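In this text the structure is predicted, and so the values were computed from the model without any measurement. Every number for a ligand or one of its atoms is a count from 1 in the order of the listing.
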Amino acid sequence: MAKRSLGWALEKGRLLCIAVFVDVCAAQLNLTCPDYVARHAPLLSLHPEEPYMPSDILTHIQRTTPKLNHEAIPDPLPPLDLDNLEILNRFGEQVALTSIDDPTTYPPWLLGERPDSDGRTRNATPCVVIVVEKGDSVLDAFYFYFYSYNEGPNITQVLEPLNGIIDGGRNFDRSKHFGNHIGDWEHNMIRFRDGEPVGIFYSQHRDGAAFDWDDQSISKSGGRPIAYSALGSHAMYPTRGDQVHDYAIIDYCDDGPTWDPVLSAYFYHFDPPTFTLTQLTPPSGLHSSPPPPPSNLTSFFYYLGNWGDTQYPDSDPRQATVPYFGLKRFETGPNGPRYKHLVRKGLMRDHPRKLAWIEWAVGVYMAWYPCCLRGWRVWVFLGLVLAAVVGTAIGLWIGIRRWIGGLKARAKARTEEIPLDDFASEEQGLLSSFDEDTERNTRGE
Ligand SMILES: *[C@@H]1O[C@H](CO)[C@@H](O)[C@H](O)[C@H]1NC(C)=O
Ligand SMILES: *[C@@H]1O[C@H](CO)[C@@H](O)[C@H](O)[C@H]1NC(C)=O
Ligand SMILES: *[C@@H]1O[C@H](CO)[C@@H](O)[C@H](O)[C@H]1NC(C)=O
């Protein structure tokens, strides 16, 4: 079986299930996640000042209540857990697991659990590993990391000159962070070919970043990549230090507590054609803390809704807005791993996310800022732009006049029946009018 794919074994298991009876399924389907998925799993470096640690997924479900449009769901529901979360799907995709406590009081569950000196979260299972087989001996291993809270940037993290613009806005509170949300799913994906890693993807704010396994820019330790989790936002980067994203905002990455996510993780196999998740036994090298699977623990994966509160209305005293840019202090929580492009051709998702016009405008502005829009440069730049506009207008005007002149000359040539030779030189004159140098030479002659 070792050489056969997990998918093949699962299919065989299912046929047996149908043939025998359902209770033996769990035993029949006791398939083990390949060892290499743990051997090369990322090691995370959390920021030394990170307050929002990896969080237990089940606790998060228990400390939140499903709401729709800020209202509790009226139907009676059983206590929710990893085995039944998808029952919320009948209320649609806008359901939001909403914090029972006020998040601005920072209850302990929101802060998660700091990994111990071995990098293990003893009382929390904040990691979900999902393997997707792709044929040609290729396997994509997704390592999902869960945090109950995401803290966005504050004014200190905004680059010049946007920080000045925002700071000058009305009612702007410098002490606040914006773009916060309850629930945060980040991930790495490692692509394996014949059990050897060939590439790695890091999730970041928009589309993330991908690297060949041998790329010098990724940090590694003992065959495992080190993934830096940015302070507050938990965006993933291959190196420490300040990281600028979306041209405008700084993420801080540094050597802090090490988190070894696969030590406390759930392991699954995902079958794209049937959209089925099946639990796997943790790789044999791992003495994983969760006890043997008491149940399938897959229902949470099928949940369609959001993992945190819906964006608070402006009337909510906890809500605030960044002047001019409209970014909210509290945004809607993210949706789960099923939406994170588990089927991809390359290391990145197949189609990049569409930019909002404001993101596009900020990107263009910030890209031009250092060279051309900063201080006195802006006047030189505007002067050049003006010169270019005036130059183009004059060029067009001359061009149009020549073109009209040419048309007139042609009409004249046709009516007057000038000799063929003369007509030819008239044509040359028309062509040469597109080229200033030739024009000048002709005149000089
Ligand atoms: C599943 O298989 C592994 C080894 O392949 C074994 O260690 C484990 O005890 C089995 N678990 C169950 C629940 O049968
Ligand atoms: C912004 O946040 C960073 C990191 O959390 C912190 O070090 C800094 O002091 C904050 N700045 C302000 C103005 O509050
Ligand atoms: C586990 O999965 C099997 C097969 O899909 C299903 O019949 C069973 O009800 C599931 N058990 C739980 C506890 O969800």
Side-chain angles (χ1 to χ4, degrees), residues 44-55 99 101-115 121 126 145-186 202-206 209 226-259 308-309 311-312 316-334 358-359 362 366 369:
L44 267 67
S45 178
L46 303 169
H47 193 278
E49 286 154 35
E50 178 64 68
Y52 308 106
M53 290 288 164
S55 313
S99 176
D101 307 291
D102 176 358
T104 59
T105 63
Y106 304 103
W109 66 270
L110 204 70
L111 306 180
E113 184 182 324
R114 191 186 168 92
T121 48
Y145 316 122
F146 184 73
Y147 309 81
S148 280
Y149 192 70
N150 175 103
E151 186 177 69
N154 64 8
I155 189 71
T156 311
Q157 287 164 261
V158 181
L159 288 179
E160 175 196 334
L162 298 184
N163 55 0
I165 299 175
I166 292 170
D167 225 353
R170 275 202 324 140
N171 300 332
F172 180 68
D173 182 347
R174 290 181 60 87
S175 69
K176 284 190 173 129
H177 288 256
F178 288 82
N180 310 323
H181 47 86
I182 318 300
D184 189 20
W185 285 102
E186 298 290 338
Y202 297 79
S203 70
Q204 291 160 8
H205 303 268
R206 195 180 305 151
I226 313 268
Y228 286 86
S229 170
L231 176 63
S233 77
H234 309 121
M236 309 298 306
Y237 294 93
T239 47
R240 61 177 294 280
D242 292 356
Q243 317 279 351
V244 175
H245 68 88
D246 298 296
Y247 294 102
I249 296 172
I250 309 171
D251 261 339
Y252 305 123
C253 291
D254 209 347
D255 293 304
T258 295
W259 175 28
D309 305 25
Q311 177 172 310
Y312 301 148
D316 189 313
R318 294 170 295 185
Q319 190 58 291
T321 308
V322 174
Y324 311 113
F325 294 92
L327 184 66
K328 297 291 175 188
R329 182 179 179 212
F330 281 100
E331 294 178 337
T332 301
I358 182 97
E359 292 173 303
V362 166
M366 293 303 287
Y369 179 74

>> On a heavy-atom basis, which atom in Asp184 and which in Ser233 lie closest, and how many Å separate them?
In response: OD2-O, 3.3 Å

>> Can you give me the closest heavy-atom contact between Pro126 and Thr121, atom names plus distance?
In response: CD-OG1, 3.4 Å

>> Could you identify the single nearest non-hydrogen protein atom to atom 4 (C) of ligand 2 and state the distance to 0.1 Å?
In response: Leu231 CD2, 3.8 Å

> Is any side-chain N of the basic residue among Arg329 and Asp173 closer than 4.0 Å to the acidic one's carboxylate O?
Replying inline: no

> Between His205, His47, Gln204, which is the residue that forms a side chain to side chain donor-acceptor pair (under 3.5 Å) with Asp251?
Replying inline: His205

>> Under 4.0 Å and counting heavy atoms only, is there anything from the protein next to atom 11 (N) of ligand 2?
In response: yes

> Tell me: protein heavy atom nearest atom 7 (O) of ligand 2, and distance?
Replying inline: Glu49 OE1, 4.9 Å

> What atoms of ligand 2 come within less than 4.0 Å of a heavy atom belonging to Arg174?
Replying inline: 12 (C), 13 (C), 14 (O)

> Tell me, which protein residue and heavy-atom name are nearest atom 6 (C) of ligand 2, and how many Å apart are they?
Replying inline: Asn154 ND2, 4.2 Å

> Of the protein's non-hydrogen atoms, which lies at the shortest distance from atom 13 (C) of ligand 2, and what is that distance?
Replying inline: Thr156 OG1, 3.4 Å

> Of all the heavy atoms in His177, does at least one lie under 4.0 Å from an atom in ligand 2?
Replying inline: yes

> If you look at every heavy atom in Glu331 and Gly179, which pair is closest and at what distance?
Replying inline: CD-CA, 3.7 Å

> Are side-chain N/O atoms of Glu160 and Tyr369 paired as donor and acceptor at under 3.5 Å?
Replying inline: yes

